[in-house]
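Structure, as structure tokens:
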Protein chains: 2
Amino acid sequence: MAVTIREVAKRAGVSIATVSRVLNGSKPVSDRLKQRILEAVEETGYRPNAVARSMIQKKTGLIGVIVPEIANPYFSGLVEGIEAVANEWSYYLMLAISEKNAQRELELLRIYQSRQMDGILWAAAQMDPACRAEVEKMNIPCVVIGQRLEEVCIPSAVIDNRRASYETVKHLIQLGHQRIGMIHGPLWDVQSGKERFEGYRQALLEHGLPLRDEWTAEGLRFDVQDGVKGMESIWNQPERPTALFCACDRMAVGAMTYLKERGVSIPEELSVAGFDDEELASLVTPRLTTVRHSPYQMGYESARILTDILRRKRKSTSLTLTLDYQVVIRDSTATCKELSQHWNK
Amino acid sequence: MAVTIREVAKRAGVSIATVSRVLNGSKPVSDRLKQRILEAVEETGYRPNAVARSMIQKKTGLIGVIVPEIANPYFSGLVEGIEAVANEWSYYLMLAISEKNAQRELELLRIYQSRQMDGILWAAAQMDPACRAEVEKMNIPCVVIGQRLEEVCIPSAVIDNRRASYETVKHLIQLGHQRIGMIHGPLWDVQSGKERFEGYRQALLEHGLPLRDEWTAEGLRFDVQDGVKGMESIWNQPERPTALFCACDRMAVGAMTYLKERGVSIPEELSVAGFDDEELASLVTPRLTTVRHSPYQMGYESARILTDILRRKRKSTSLTLTLDYQVVIRDSTATCKELSQHWNK
DNA sequence: TTGAAAGCGCTAACAA
DNA sequence: TTGTTAGCGCTTTCAA
């Protein structure tokens, strides 16, 4: 049996209320008793039961975090940013992984309600109707990360994936590329899948360039292997693109790996651009042109919004915080060879 | 105010005990009442208060996890492995980051006791005496990850870092290298710092090779920058090593980056080996020789030990689980040039 | 099969 | 300044 406040009180010869007051500094207690109580605490190794306290105070000091996965620098960076804010305001985190499974996400939202989280941070890959309904009717403040939710009264933090993709593809176009392919993610993934693809699509359309199925490939897991496979299918087309945009750096690196193994030189024969600017991007050869954004900052800002709400510094109403990004041009993209040959004529 | 069991009971016209019995299936309840209660639950959107339940049952179903950092593939892999086990046995996780700060680790151990964790998983970078004392006297089962604790009665999971380093350096020696340097981590980091350095040291000594200060460098953060700086100081020595062992892949990649920028070819002019085999290792050029081990498995196995203890399938006594590793030879290490020249004479 | 009532360990209102 | 006591929301005896 763990030591309780009763035992400490008995040992110090005071009432449990006095012990509580000393430990919480909630009311003045004479130095003499304080001394005795502190000694009794020390002797018994008493640790106040935070569960009992939560029960009375109707708050747990806990923030529930839901991420699709964690062994991915994007989400681990996110969690790190969240942890920084939690630490700052003395909140503690519960962490669960949804595996991008809507059923599981719903279950987790319910479990976090049951467990009386003070707030919830939810990095949602998609936005399932049942989950959305749950979040809307739930009476725990929740910030959704990576999903715009303007129609409902839930704050969220995102980056403008579509615009970032658009700009990256535009960079390729400005280098003279006319045949631009893409390895994209699953389109049900609203943020990194759909929006990034749409930005690509829009850039091509607006510049009157062809959007050809043979030059696009879908990867389901945003990993290196997706990039290898995607590149293989694209590279085996009779007519090849001169530039490739990938929905994430890992896909881009996979594509580069495929090409390197075949002695295709980058960017001479194919320009490649990625997205995310993870550490990897500047370590591969050639260094990857990509979109830099900060998952840490995303986590930090989302958690700030949540703690602001919890501290009643802010209302829990609709709000979409759009964070910055930056297209970082490195060595994997270059002027289109065909174009320069054209000039040389 | 959130809905309580009282409200559900009133609505269904039964006692709160009956509601509890239906929701927990703890005792038989007539179908008629069961029906009414389930409806009332549905109508009110009642979510049982898990905090109140924990209070009575004296268990929370929570596992407290402490890691030094999370935006690092080693620890995020670890957490993923832990999560898999937690999920399997319906435990939930609390996650906190210690930033390798012993003071903070102690605080976290106490907070987790206060918060009534059923068990604790602690990835300790060092082993501070105060923390060790806390863990020993604590009456919550704890598994320490990455620290051998045979003297105390605490289970732990580790890999044999010293032996893995030894073997990697031996691989370099077998390639004919006689002048072998190392970029190591801080020596207070028992696992990745001290043990890996000792393995290197032992290999040199046993083979009668020189251990020279000018060929070793210490990095404090196990990052790419540590590798760049370390390589710089080593490469600027009048006499240079022909091979380099690094305490982690990032350091190795940093060293390679430094050399590449100076047009030094790897492995011709310098063989480089790393440790960890993170994804990065097989994506850089040349692909890195390194030590493969699995943080996921480490997390999984540690969590298994803990859940076994919690399910009373295992006693909470001393036990050190040593996981496997494997030296993966790739393209960044090759026969010592000086040796082959020697042969060619 | 059901209900009444006694706590779990603590905080906070009320009394002294 | 200190102690007494009433719960927080639930599970689990015990009795009916």
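In what follows, every heavy atom counts, from backbone to side chain, and hydrogens, waters and symmetry copies are set aside. Just so it is clear: chains get the letters A, B, ... in the order the sequence lines come, proteins before strands, and each one is counted from 1. Keep in mind that this is a model prediction, so the values were computed, not measured.
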Side chain to side chain contact (heavy atoms under 4.5 Å, CB included), paired with B/Val67, selected from B/Leu78, B/Ile82, B/Asn72, B/Leu121 = B/Leu78
Which sits closer to the 5' end of DNA chain C, B/Ser30 or B/Ala52, going by the nucleotide each is nearest to?
-> B/Ser30
Can you tell me how far P of C/dT11 sits from CE of A/Met55, to the nearest Å?
-> 13 Å
Point-to-point distance, once rounded to the nearest 0.5 Å, from CD of A/Glu80 to OG of B/Ser76 | 10.5 Å
In whole angstrom, what separates A/Ile5's CD1 from D/dT5's P?
-> 16 Å
When the distance from CD1 of B/Ile56 to P of D/dT11 is rounded to whole Å, what number comes out?
-> 6 Å
Before giving the answer on salt bridge (Lys or Arg N to Asp or Glu O under 4.0 Å), spell out for A/Glu99 and A/Arg104 the whole-Å C-alpha distance, their side-chain angles and the decisive distance to 0.1 Å.
-> CA-CA 8 Å; A/Glu99 293 175 326; A/Arg104 176 72 176 152; over 6 Å; no
Taking atom C1' of D/dG9 as reference, at what distance in whole Å does atom CZ of A/Arg115 sit?
-> 15 Å
Check the distance between D/dG9's P and B/Gln57's CD and give it to me in whole angstrom.
-> 17 Å
What integer distance in Å separates B/Arg6:CZ from C/dG3:P?
-> 13 Å
Closer than 4.0 Å, any side-chain N/O of B/Lys58 to the OP1 or OP2 of D/dT11?
-> no
Give the rounded distance in Å between these two atoms: CZ of A/Arg47 and C1' of C/dC10.
-> 17 Å
Indicate the atoms forming the closest heavy-atom contact of B/Ile66 with B/Glu105, along with that distance.
-> CD1-O, 4.4 Å
D/dT1 C1' sits how many Å from A/Ile37 CD1, rounded?
-> 11 Å
Atom pair NZ/OG1 of A/Lys10 and A/Thr4 - distance to nearest 0.5 Å = 8.5 Å
B/Thr320 and B/Val158: side chain to side chain contact (heavy atoms under 4.5 Å, CB included), yes or no, with the steps?
-> CA-CA 7 Å; B/Thr320 300; B/Val158 298; 3.8 Å; yes
For DNA chain C, determine which residues of residues 13-28 of chain B have any heavy atom closer than 4.0 angstrom to one of its atoms, and list them numerically.
-> B/Val14, B/Ser15, B/Ala17, B/Thr18, B/Arg21, B/Pro28
Take A/Glu134 and B/Arg47 through the salt bridge (Lys or Arg N to Asp or Glu O under 4.0 Å) test and state the conclusion after the steps.
-> CA-CA 12 Å; A/Glu134 190 70 26; B/Arg47 304 257 177 266; 2.8 Å; yes
Quick one: is A/Arg53 getting a side-chain N or O under 4.0 Å of the C/dC10 phosphate, OP1 or OP2?
-> no
